[in-house]
Amino acid sequence: SAVGMAEQLDQTDTILLLLGAETADPHQRFRCDGITRLEKLLFLLEHETEFVKEVAEPFTFEAYHYGPYSPDVYSAVDFLKAMRLVEEQQIDVGSGLDVGEAAEALDAGDINQGSPYIERQLRLTDDGKAVAKVLSTRVSPDGKKALTEVKDRYGSMPLRQLLRYV
């Protein structure tokens, strides 16, 4: 987000803040299991909390086959990956293996991008953590609470259940 702006947050800022937010669940600290989950958490953040007041550029969601969908979430994540603020690990949920490692063990044809068992685990890099920390100084106490509540309440909910909920 542009420096000198009214300290307003943009879409990429919101993702960094959500990944960096305090949470009671150590597994969710600085990360999110999958981009679909991230997308739904961002939707809940906008629709169930007042966080949107802090944001200059909210995400726009449309109803879709698997619940609310926003192409902005995907482009924001790609941008953050290009900036090396977020890294993505593809985990085969069935085996728990990093897909890069699993690919050597299996015939490459068995692993296909659309596999329901492949989860894109998103994590803040050290740089990402540093930026999230700076951004969090621009968020009100209520805003911080909203981020933590969404993570604590929905972040570890089984994805199927979360998709039913939204």
Side-chain angles (χ1 to χ4, degrees), residues 1 9-93 96 98-100 113-136 138-139 143-166:
S1 49
L9 304 167
D10 66 17
Q11 293 180 339
T12 51
D13 296 338
T14 302
I15 290 177
L16 290 171
L17 284 164
L18 186 61
L19 289 171
E22 295 289 338
T23 168
D25 177 6
H27 179 73
Q28 288 194 77
R29 193 75 178 114
F30 303 124
R31 62 182 180 189
C32 182
D33 288 338
I35 193 156
T36 308
R37 178 182 299 275
L38 178 70
E39 178 180 45
K40 306 318 174 203
L41 294 179
L42 289 163
F43 173 80
L44 290 163
L45 184 66
E46 283 191 9
H47 287 80
E48 294 204 345
T49 77
E50 302 285 301
F51 189 78
V52 77
K53 287 182 182 163
E54 321 238 346
V55 180
E57 188 189 15
F59 290 97
T60 320
F61 290 90
E62 51 199 272
Y64 198 67
H65 190 47
Y66 294 111
Y69 168 74
S70 173
D72 298 346
V73 173
Y74 294 81
S75 44
V77 166
D78 285 341
F79 175 77
L80 290 168
K81 286 189 333 203
M83 299 293 286
R84 302 211 177 350
L85 297 177
V86 168
E87 60 188 359
E88 177 180 304
Q89 231 185 343
Q90 299 202 332
I91 303 288
D92 183 318
V93 180
D98 185 304
V99 174
Q113 271 315 88
S115 158
Y117 300 110
I118 299 210
E119 182 171 76
R120 296 166 63 174
Q121 194 181 68
L122 302 170
R123 295 191 298 207
L124 289 181
T125 61
D126 287 341
D127 285 347
K129 289 175 190 176
V131 174
K133 198 171 174 176
V134 172
L135 288 171
S136 74
R138 292 161 38 180
V139 177
K144 288 195 179 92
K145 214 169 80 185
L147 288 160
T148 294
E149 273 171 15
V150 164
K151 277 186 101 156
D152 285 351
R153 189 176 311 162
Y154 303 111
S156 51
M157 190 182 268
L159 189 58
R160 202 173 288 151
Q161 197 183 333
L162 182 62
L163 293 177
R164 273 205 305 266
Y165 180 79
V166 296

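Computed from a predicted structure; not experimentally measured.
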Worksheet item: Picking from Glu48, Arg37, Lys40, what satisfies side chain to side chain donor-acceptor pair (under 3.5 Å) with Tyr154?
Response: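 Considering Glu48, Arg37, Lys40, a side chain to side chain donor-acceptor pair (under 3.5 Å) with Tyr154 is found only for Glu48.
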Worksheet item: Considering all heavy atoms of both residues, which atom of Leu147 and which atom of Leu45 are nearest to each other, and what is their separation?
Response: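 Scanning both residues, the minimum pair turns out to be CD2-CD2, 3.8 Å.
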Discussion item. Show the nearest heavy-atom pair for residues Thr125 and Arg84, with the distance to one decimal.
Written reply: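 So the two residues come closest at OG1-O, 2.7 Å.
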Worksheet item: How about Gln89 and Glu87: does a side-chain donor come under 3.5 Å of a side-chain acceptor?
Response: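 No, no side-chain donor-acceptor pair sits under 3.5 Å.
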Discussion item. Side chains of Asp10 and Thr12 only: does a donor on one sit below 3.5 Å from an acceptor on the other?
Written reply: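 Side chains of Asp10 and Thr12: pair found under 3.5 Å.
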Worksheet entry | Atom pair CG (Leu162) and CG (Asp33), whose distance is rounded to the nearest 0.5 Å |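 One gets 11.5 Å once the value is rounded to the nearest 0.5 Å.
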Worksheet item: Around Phe79, counting heavy atoms of other residues, nucleotides and ligands shown, do more than 12 lie under 6.0 Å from its CZ?
Response: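 No, because the 6.0 Å sphere around CZ of Phe79 holds 12 heavy atoms or fewer from other groups.
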Worksheet item: Under 6.0 Å from the NZ atom of Lys145, do we count more than 12 heavy atoms belonging to anything else shown?
Response: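 At most 12 heavy atoms, drawn from other residues, nucleotides or ligands, come within 6.0 Å of this atom.
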Fill in: Short N-O contact, Glu22 and Arg29, less than 4.0 angstrom
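A salt bridge is present here (some side-chain N lies under 4.0 Å from a carboxylate O).
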Item to complete: Side-chain contact test, heavy atoms from C-beta onward, threshold under 4.5 Å: evaluate it for Leu18 versus Cys32 and give yes or no.
Response: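 Of all side-chain heavy-atom pairs linking Cys32 with Leu18, none is under 4.5 Å.
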Practice prompt. Please tell me if the side chains of Phe51 and Val150 come closer than 4.5 Å, counting only heavy atoms from C-beta onward.
Written response: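 Phe51 does not reach Val150 side chain to side chain.
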Practice prompt. Apply the test side-chain contact (heavy atoms from CB on, under 4.5 Å) to residues Phe61 and Glu46: give CA-CA distance (whole Å), side-chain angles for both, the deciding distance (0.1 Å), then the verdict.
Written response: CA-CA 10 Å; Phe61 290 90; Glu46 283 191 9; 3.8 Å; yes
